[in-house]
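First comes the structure, then the notes that go with it.
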Amino acid sequence: MKIALRFFLRLLFRFRVYGAESLMGKGPMLLTPNHVSWIDWLLVGVALDDDWCFVTASTTANLSWIHRRIMVNRRTFPVDQSSPYAVREMADFLSKGGKLVLFPEGRISTSGELMRIHEGIGFLIQHTKARVVIAYLRGANRLPWVKHGGWTKWFPQVAVHFAAAASAPDFPQLSSQKARQKTTVWLRDGMLAWQVDVELRHGALTLPGAIAETIAATPARTAFEDPSFVCLSYRRVAVASDLLAARWQETLGGTGGDRVGVLLPNANATPLALLSLWEAGRVPAILNFSSGIPTMLACAQLAGLKTIVSSRLFLEKARIDPRPFEAAGLRLIYLEDVRASIGPGAKLGAVVRNRFAPGGGLRRAPLSAGDPAVILFTSGSEGVPKGVELTHRNLLSNVRQISAIIDLRDNDRFFNALPLFHSFGLMAGVLFPLIRGCYCFLYPSPLHYRTVPLLVYDRDCTVLMGTNTFLNGYARKAHAYDFNSVRFLVAG
């Protein structure tokens with residue numbers, strides 16, 4: 001039966017099991033998977049030997065004969081969750097060398113991410129000295145049988161990853177209550193760290209690769225909007241990236257890995273420029289347009305730039321004179337000219353390609369995890385600004401860590417007025433929502449204290465980021481209801 005079930009799971013969900021050797025050995029052992037779907041027990045169960053038992057709720061088992069059939073048998077350990085003796089019963093079973101599967105959240109996640117861990121798990125581990133095997137169900141949060149309100153599909157790729165068995169640290173100097181709390185925190189930290197590790201090893205290795213996965217999964221969802229109120233879906237992002245990347249291959253010259261300056265504001269065009277440069281194998285160097293022309297020229301020289309991608313409209317509005325750049329030997333390429341040079345045939349071809357293989361161009365970008373993804377520049381408070389190279393692995397690690405720690409949901413809506421020439425505005429304000437599949441409104445200035453609250457209110461944004469100075473400015477000018485929709489406020 002187990003072989004047949006595993007075959008059907010592989011057929012339907014390309015199901016894979018990693019690290020099953022961690023389950024071998026004698027008890028006491030405790031297996032603690034994350035819990036995101038109604039069939040998690042099946043996904044874990046097909047990888048287990050018969051000496052493992054699932055902890056189930058005896059009250060739930062009495063709902064129907066189907067529940068009793070699944071939840072009360074030789075492979076389960078039914079407990080009454082309302083009984084104060086339930087944990088003691090599990091502890092006795094483990095102390096006799098038992099091996100238990102226990103979902104430490106106690107329920108299916110309503111966000112798709114890890115929720116709270118019950119302290120009773122800490123008591124079990126401390127009292128029985130059971131070895132703990134952490135399991136991460138990757139992709140199961142996209143199955144149709146979930147409780148979160150985000151997107152799902154019928155046949156996502158699903159895998160179960162088992163970490164090596166580990167023993168919890170002892171806390172002899174602490175009271176039993178404190179030791180239990182510390183052990184619970186140890187388990188939660190381990191589950192989060194394992195999730196990040198698995199995602200980094202088995203997920204996309206580069207930023208365009210990770211974004212291509214999101215485009216393929218949710219092509220019709222809105223990715224960006226800016227003050228022009230033009231909404232870009234993920235499919236349109238992929239199409240625009242393909243078109244621009246083709247133009248860069250023709251106009252930039254040089255070879256893959258060359259650095260190209262980017263002088264653009266927070267607008268839809270900026271992430272498209274970054275994605276297209278990655279797709280063309282180039283490294284964008286984002287210039288701080290608020291630092292002044294001499295500083296920008298020093299940064300361009302430091303990074304060895306020969307070309308800068310910009311916009312005539314932006315330079316005009318920002319009152320930036322392009323002549324000093326040209327006098328310094330820098331070539332300015334304007335997005336308005338590039339857009340005008342793209343013919344209808346090229347547009348149709350990009351649309352057709354991304355209809356059948358969304359994000360395919362980004363997926364094939366000639367990049368690796370250790371390659372520089374972007375060059376940013378320090379503020380120059382200690383003299384000439386310094387250039388900082390951030391690799392794809394750097395930025396993706398941050399994205400995976402945020403996903404594990406914060407229960408952001410598919411319907412969360414970001415508002416980002418932080419400039420992309422700073423790492424937080426780029427990573428948290430653009431790359432994270434783009435990879436996570438969330439809507440993001442890009443606004444060019446965080447200093448518009450009256451306008452920002454109005455747009456947050458108008459666009460029902462749930463995530464807002466800013467410095468203390470900016471947030472104080474919004475608080476002084478905003479109506480009390482403007483931030484009613486905000487779930488997360490990140491201040492720094």
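The analysis underlying the following values was restricted to heavy atoms, covering all of them including side chains, and did not include hydrogens, waters or symmetry mates.
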Taking all heavy atoms of Phe377 and all of Gly387, pick out the closest pair and write down the distance. CD2-CA, 3.8 Å
Face-on cation placement of Arg413 at Tyr439 ring, 6.0 Å and 45° thresholds: yes
So does Asp371 pair up with Arg393, basic N to acidic O under 4.0 Å? no
For residues Pro208 and Leu367, report the shortest heavy-atom separation together with the two atoms involved. CG-CD1, 3.6 Å
Considering only heavy atoms from C-beta outward, does the side chain of Phe103 approach that of Val55 to under 4.5 Å? no
Return the orientation label for the Phe289 and Phe421 ring planes: parallel under 30°, perpendicular over 60°, tilted otherwise. perpendicular
Does the pair Asn354 and Asp242 meet the rule for a side chain to side chain donor-acceptor pair (under 3.5 Å), with working shown? CA-CA 9 Å; Asn354 282 281; Asp242 283 0; 2.9 Å; yes
What is the minimum heavy-atom distance between Ala204 and Gly209, and which atoms define it? CB-C, 3.4 Å
Chi angles and distances behind the side chain to side chain donor-acceptor pair (under 3.5 Å) call for Thr462, Asp412: CA-CA 6 Å; Thr462 62; Asp412 274 315; 2.7 Å; yes
Closest heavy-atom contact between Ile215 and Leu362? CD1-CD1, 3.6 Å
Derivation and outcome, salt bridge (charged side-chain N to carboxylate O under 4.0 Å, His left out), residues Glu225 and Arg459: CA-CA 10 Å; Glu225 188 178 8; Arg459 286 299 182 260; 3.0 Å; yes
Considering only residues two or more places apart or on different chains, which pairs with a residue in residues 392-414 satisfy ring pair (Phe, Tyr, Trp, His ring centres under 6.0 Å)? Trp278-His392, Phe414-Phe432
Only distances under 3.5 Å count here; give the side-chain donor-acceptor pairs of residues 119-127 to other protein atoms, sequence neighbours excluded, each with its distance to 0.1 Å.
unit_1: Gln126; atom_1: NE2; unit_2: Pro169; atom_2: O; d: 3.4
unit_1: Gln126; atom_1: NE2; unit_2: Thr183; atom_2: OG1; d: 2.6

When you compare the side chain of Trp248 with that of Glu279, does any pair of heavy atoms fall below 4.5 Å? no
Looking only at non-hydrogen atoms, find the nearest pair between Val237 and Ala223 and report the distance. CG2-CB, 4.0 Å
Is there a side-chain contact between Ile134 and Leu31, using heavy atoms and a 4.5 Å cut-off? no
pair Val283-Val260: side-chain heavy atoms closer than 4.5 Å: no
For Pro227 versus Phe441, what's the shortest heavy-atom pair and its separation? N-CZ, 3.8 Å
